[in-house]
Undergrad: 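Before I ask anything, let me first share the structure, which is written out below as structure tokens.
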Number of protein chains: 2
Amino acid sequence: MIKPQLQPSQSLHESVREELRRRIAAGTYPPDVAIPSTAMLSEEFSVSSITIKRALRDLQAAGTLVSIPGKGTYVKQQKRLLRQLDVMQPSLDDTSIRSVSVTREKISDPTLGTIAPRDQVMLCVRKTIWMDDEPIMHDTTYLSPDIGNEVVDEFGERFVVDALVRHSIHVTKTHLVIDAAPATAEVEEIFGIPNGYPMLRRLYRMVTSDPGITVYGVLQAPFDRLACTVDFP
Amino acid sequence: MIKPQLQPSQSLHESVREELRRRIAAGTYPPDVAIPSTAMLSEEFSVSSITIKRALRDLQAAGTLVSIPGKGTYVKQQKRLLRQLDVMQPSLDDTSIRSVSVTREKISDPTLGTIAPRDQVMLCVRKTIWMDDEPIMHDTTYLSPDIGNEVVDEFGERFVVDALVRHSIHVTKTHLVIDAAPATAEVEEIFGIPNGYPMLRRLYRMVTSDPGITVYGVLQAPFDRLACTVDFP
DNA sequence: GAGTGGTCTAGACCACCCT
DNA sequence: GGGTGGTCTAGACCACTCC
């Protein structure tokens with residue numbers, strides 16, 4: 001057994017973490033194969049298994065590793081989806097939409113509350129966007145509750161905006177706020193990510209050709225899965 | 001001593017974390033005053049101090065708490081700066097710029113490498129943007145190394161674009177990629193954030209009126225300090 | 001010197017997966 | 001049944017701050 005050389009500049013779990021990071025970058029631990037177990041790493045580095053677990057957990061939070069209880073810890077495949085920033089971008093061919101829920105509730109997200117009415121019960125449509133049988137985005141749309149039922153029925157199948165367009169209601173102005181925030185319990189479950197995992201979010205307010213209809217919402221994805229692109233002017 | 005009621009739906013450290021979150025939201029633990037020490041919380045919740053520390057560390061990662069060794073743990077003031085998405089937005093009056101370094105190096109960030117030349121030594125200007133004596137953003141600018149020295153000298157004082165404008169070189173097109181990524185060791189130190197803290201980033205490529213000059217860079221801030229806004233069309 | 005958070009350890013138990 | 005990661009504990013040491 002070869003004792004690896006750890007950089008002593010920092011605490012033990014930091015040294016272990018950085019050494020593992022180097023190995024991942026070097027391809028020593030390829031994806032699709034479990035990395036050595038905590039017990040093995042503990043022996044190899046001559047540190048307690050607690051310290052190994054601490055390093056592994058930090059690398060999970062950074063999106064580098066993913067641990068599956070009972071199986072092992074794996075290097076995460078780094079594939080970022082690049083999308084237009086504007087929420088109005090037409091859907092990609094290889095994505096599908098699954099409806100999660102349609103409810104009536106008030107806007108609870110504090111940041112969305114800055115660009116949308118807070119204390120008003122609205123129609124709330126939640127859906128997930130999938131690609132290659134993996135969830136890549138989650139959308140929460142709020143709009144006026146007095147929308148015709150024939151439109152509401154279509155919300156499950158397509159984006160709210162697409163459904164509105166089919167009824168000759170189109171978006172005239174879009175206001176966006178981009179931020180990052182820890183995942184809520186709801187999306188943690190959907191994406192299978194650990195608590196507090198950062199989400200890249202686009203909060204939107206869309207004015208339509210129908211003066212009575214304004215659409216609000218949040219379109220979000222795990223930070224390591226998405227990047228948005230835009231051009232000026 | 002009143003034993004608090006913990007929701008038993010989850011693991012211990014999760015229950016503790018959520019109870020602390022509730023108290024913070026309710027204002028039980030105001031900012032500027034240290035919350036009870038790990039020893040006190042350990043006694044109050046009747047769990048080991050390790051478990052308390054685990055909960056506190058997760059709340060730190062979420063940007064809710066900040067611990068200062070030897071002093072205590074504090075509720076973080078949640079003040080997000082809202083800025084225009086376009087990097088070209090004029091500087092605010094109450095911000096100041098501090099130069100960090102001017103070097104010659106290749107672009108190392110892999111994401112920036114997708115919109116900029118990778119294997120070319122460039123002039124690299126790093127600076128921090130401060131507001132109320134706190135660092136709020138960090139900028140890394142890359143540009144062609146054969147820029148006149150009289151322009152380079154101004155890079156320390158103002159944004160690279162502002163310096164170029166003073167020499168009649170203005171930006172004609174901006175291409176942006178917005179993403180979120182764990183903080184690098186360099187910016188960890190500047191912002192005083194824990195390892196892997198998520199950063200909201202804007203990676204830019206700017207074409208100028210001078211065909212020989214294209215500007216690349218990364219403008220980033222801790223995810224809980226910044227949000228960007230933009231309007232379409 | 002007392003109190004604080006940060007680190008590290010050994011040891012135990014559990015739920016889960018695979019064979 | 002053996003291996004995996006996840007959780008929890010008691011106990012120890014350190015560096016730091018404040019009085």
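Here is how names work: the chains are called A, B, and so on, in the same order as the sequence lines, proteins then strands, and each is numbered from 1.
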Undergrad: Who pairs with A:Ser37 by side-chain hydrogen bond (donor to acceptor under 3.5 Å, both in side chains), at least two apart in sequence or on another chain?
TA: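 Per chain and number, A:Ser37 pairs via side-chain hydrogen bond (donor to acceptor under 3.5 Å, both in side chains) with no residue.
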Undergrad: Sorted by first residue and then second, give each salt bridge (charged side-chain N to carboxylate O under 4.0 Å, His left out) pair with at least one member in residues 97-112 of chain B; sequence neighbours left out.
TA: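 Matches after skipping sequence neighbours: B:Arg98-B:Asp133, B:Glu105-B:Arg126, B:Asp109-B:Arg201.
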Undergrad: Just to verify, what does A:Asp224 make a salt bridge (charged side-chain N to carboxylate O under 4.0 Å, His left out) with, not counting sequence neighbours?
TA: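 Result, salt bridge (charged side-chain N to carboxylate O under 4.0 Å, His left out) vs A:Asp224: A:Lys76.
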Undergrad: If the condition is side-chain hydrogen bond (donor to acceptor under 3.5 Å, both in side chains), which residues does B:Thr184 pass it with, not counting sequence neighbours?
TA: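 For B:Thr184, no residue satisfies side-chain hydrogen bond (donor to acceptor under 3.5 Å, both in side chains) once neighbours in sequence are set aside.
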Undergrad: On DNA chain C, compare the nucleotides closest to B:Ile35 and A:Thr51; which residue's is nearer the 5' end?
TA: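 Closer to the 5' end of DNA chain C: B:Ile35.
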Undergrad: Treating A:Ser42 as the side-chain partner and A:Val47 as the backbone partner, does any N or O pair qualify as donor plus acceptor under 3.5 Å?
TA: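 Side chain of A:Ser42 to backbone of A:Val47, a donor-acceptor pair under 3.5 Å: yes, one is there.
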Undergrad: For the backbone of A:Ile129 and the side chain of A:Ser96, can you confirm whether one donor and one acceptor N or O come within less than 3.5 Å of each other?
TA: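 No; judged by distance alone, with no hydrogens or angles, the pair does not exist.
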Undergrad: Along DNA chain C, 5' to 3', what are the outermost nucleotides having an atom less than 4.0 Å from a heavy atom of chain A?
TA: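 Endpoints of the contacted stretch of DNA chain C: C:dT7 to C:dC18.
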Undergrad: Residues in side-chain hydrogen bond (donor to acceptor under 3.5 Å, both in side chains) with A:Asp58, at least two apart?
TA: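 Partners of A:Asp58 under the side-chain hydrogen bond (donor to acceptor under 3.5 Å, both in side chains) test: A:Arg54.
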Undergrad: With DNA chain D as reference, determine whether A:Leu56 or A:Ile50 sits nearer its 5' end, using the nearest nucleotide of each.
TA: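 Here A:Leu56 is the residue nearer the 5' end.
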Undergrad: A:Thr73 near the nucleic acid: base, sugar-phosphate alone, or nothing, with a heavy-atom cut-off under 4.0 Å?
TA: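 Sugar-phosphate contact only.
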Undergrad: Let's see if you get this right: which residues in residues 57-67 of chain A place a heavy atom under 4.0 Å from DNA chain D?
TA: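 Output list: A:Gln60, A:Ser67.
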Undergrad: Sequence neighbours left out, what passes side-chain hydrogen bond (donor to acceptor under 3.5 Å, both in side chains) with A:Tyr216? Give chain and number order.
TA: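 Scan of A:Tyr216 (side-chain hydrogen bond (donor to acceptor under 3.5 Å, both in side chains), adjacent residues dropped) gives none.
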Undergrad: Spell out protein contact along nucleotides 14-19 of chain D as letters: B when the base is contacted, S when just the sugar-phosphate is, - when no protein heavy atom is under 4.0 Å; keep the 5' to 3' order.
TA: --BSS-
Undergrad: Kindly say whether B:Val75 contributes a backbone atom to a donor-acceptor pair with the side chain of B:Thr64 at under 3.5 angstrom?
TA: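 Pair absent, no side-chain N/O of B:Thr64 close to backbone of B:Val75.
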Undergrad: Main chain of B:Ile115, side chain of B:Arg205: is a donor-acceptor contact present, judged purely on distance under 3.5 Å?
TA: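 Indeed, once roles are kept as given, a pair shorter than 3.5 Å links the two residues.
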Undergrad: Who passes ring-ring contact (aromatic ring centres under 6.0 Å, His included) against A:Phe223, sequence neighbours left out?
TA: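 Counting only residues at least two positions away or on another chain, A:Phe223 forms a ring-ring contact (aromatic ring centres under 6.0 Å, His included) with A:Tyr197.
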Undergrad: Indicate whether OP1 or OP2 belonging to D:dG3 is found under 4.0 Å from a side-chain N or O atom of A:Ser37.
TA: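 For D:dG3, OP1/OP2 do not have a side-chain N/O of A:Ser37 under 4.0 Å.
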Undergrad: Minimum heavy-atom separation for B:Leu226 and B:Leu200, please, with both atom names.
TA: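 For B:Leu226 versus B:Leu200, the nearest heavy atoms are O-CD2, 3.7 Å.
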Undergrad: Under a 4.0 Å heavy-atom cut-off, which of residues 188-197 of chain B touch DNA chain C?
TA: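 Those residues whose heavy atoms fall under 4.0 Å from DNA chain C, taken from residues 188-197 of chain B, amount to none.
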Undergrad: May I have all residue pairs that pass side-chain hydrogen bond (donor to acceptor under 3.5 Å, both in side chains) and include part of residues 24-35 of chain B, sequence neighbours excluded?
TA: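 Non-adjacent pairs meeting side-chain hydrogen bond (donor to acceptor under 3.5 Å, both in side chains): B:Arg23-B:Tyr29.
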